[in-house]
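Single-structure report; data block below.
Just so it is clear, the values below take in all heavy atoms, side chains as well, and ignore hydrogens, waters and symmetry mates. Note that ligands are numbered from 1 as they come in the structure, with each ligand's atoms numbered from 1 the same way.
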Amino acid sequence: MSSLVVPPPQRLRTALTVLHRHMFGPGPSNVPPRILKAGSYPVIGHMHPETFEIMADIRSGIQYMFQTRNPVTLAVSGTGHSAMECAIFNAVEAGDSVLAAVNGIWGERVADMAERIGARVNTIVTPPGGFFTNAQIEQALSKHKPVLLFLAHGESSTGVLHPLDGIGQLCHKYDCLFLVDSVASIGGAPVYMDQQGIDILYTGSQKVLNAPPGTAPISFSERACRKIFNRRTKPVSFFLDLSWLSNYWGCDGKATRVYHHTGPVSAFYALRESLAILVEEGLEHSWERHRKVAEYFHTGLERMGLKLFVEDKALRLPTVTTIVAPHGYDWKEITSYIMKTHNLEISGGLGPSTGMVLRVGLMGCNSSISSVDMVLAALSDALTHCHKSKF
Ligand code: PMP
């Protein structure tokens, strides 16, 4: 007689299988075989010299991808949200003034995170699909005197690619750090961290990089480090404390590294390989490919009679496209029909764009003419077969 109160779950008696699916939502995207294979290599220790070499490769790959020479460049063990919190928790102290530019969900989330640690948070807000002029930003900087300004470069909930030029310089004029979210844009649209005066830049592994979710590249400028390493108080999170992380990643120049947490080595292998693929293709080539494929996609959508949510072509995110939810249809029926019939994920809106849009992500290896043709065919089929109201 067993002493166990909880019996073994029947379903766990069979091995796992997961079938292929076209991942054309806003993320995660498909992971190509070379990256999947890297993730399956033998696990070695998180403090072994070979792992440190892999981590050094990752750091140089991120510096290339971000176009930065910042020594404090690493990958957080966690998804994009962990990098957001790493940025906020380290750069902001209780009582500091923070300014979040909100043109979708990501500014809202950052405002929430900063409030949780006792910051004085102000926002500038546009309706979904909008952006901020440099004059609007300067006005808010001079009014609120924040220590940090947050801006999403690729607003994946609304499909806006926010202009970056000149904003870093404005921040510096007002003695403010410039924090940029590039989770949905990096590798798919130009970012020059150093030249654009970005002080903290982060992204995720599961979008253009085509690695599994779970690692989040981040980099800190010298100005950001000056503030962070001269804090009056310790960051609220031990796990995300940049002093610890920069030692583990070999960014602090110290001869010895101290155990902080068990780095997810298999995720590091996959991230390393995804960066190697980006290096192989070349950053500029990747930007150009995403731009051309997006243009081809947008033309195809308009030919079908669909409307793009972001009217100004220059502001359209090439990685995640937002389509005005087709009139007379239930958007949920469209996404479920496409999933069921075409084994293909696209999604609805998120946060402030819920109910307003359909979102299609074509990122990294998914940014191709053949993927676009597949999505256009699936959408056209859905519009023929899904229920349409007469009004
Ligand atoms: N920022 C942006 C722009 C994103 O698109 C996402 C993911 N959808 C995140 C942050 C959060 O990343 P994660 O889901 O990996 O935590």
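Residues Ile117 and Met113 fail the side-chain proximity criterion, which asks for heavy atoms closer than 4.5 Å. Looking at Ile58 and Leu74, their side chains never come closer than 4.5 Å, going by heavy atoms from C-beta outward. Between Leu308 and Val310, the closest side-chain pair of non-hydrogen atoms is not below 4.5 Å.
Atoms of ligand 1 lying under 4.0 Å from at least one heavy atom of His81, given by number and element, are 11 (C), 12 (O), 13 (P), 14 (O), 16 (O). Close approach of ligand 1 to Thr79 is summarised as follows: ligand atoms under 4.0 Å from at least one heavy atom of the residue are 13 (P), 15 (O), 16 (O). Per-residue contacts place Gly154 under 4.0 angstrom from the following atoms of ligand 1 (heavy atoms of the residue considered): 3 (C). Per-residue contacts place Ser156 under 4.0 angstrom from the following atoms of ligand 1 (heavy atoms of the residue considered): 2 (C), 3 (C), 4 (C), 5 (O).
Ring pair Tyr202/Trp106: centre-to-centre distance not below 6.0 Å. In summary, the aromatic rings of Tyr192 and Trp287 are positioned with their centroids under 6.0 Å apart. Between His22 and His20, a ring centre-to-centre spacing shorter than 6.0 Å is recorded.
Looking at Gln206 against ligand 1, only its side chain comes within 4.0 Å, counting heavy atoms.
The closest non-hydrogen atom to atom 8 (N) of ligand 1, taken over Lys207, Glu85, Met84, His153, comes from Lys207.
Protein heavy atom closest to atom 12 (O) of ligand 1, with residue, atom name and distance, is Gly80 CA, 3.5 Å. If you check which protein heavy atom lies closest to atom 1 (N) of ligand 1, you get Asp181 OD2, 2.6 Å. Here the heavy atom of the protein found nearest to atom 9 (C) of ligand 1 is Trp106 CH2, 3.3 Å.
Counted by atom type alone, Ser185 and Ser182 present zero donor-acceptor pairs between their side chains at under 3.5 Å.
Contact analysis leaves Gly204 out of contact with ligand 1, as no non-hydrogen atom separation drops below 4.0 angstrom.
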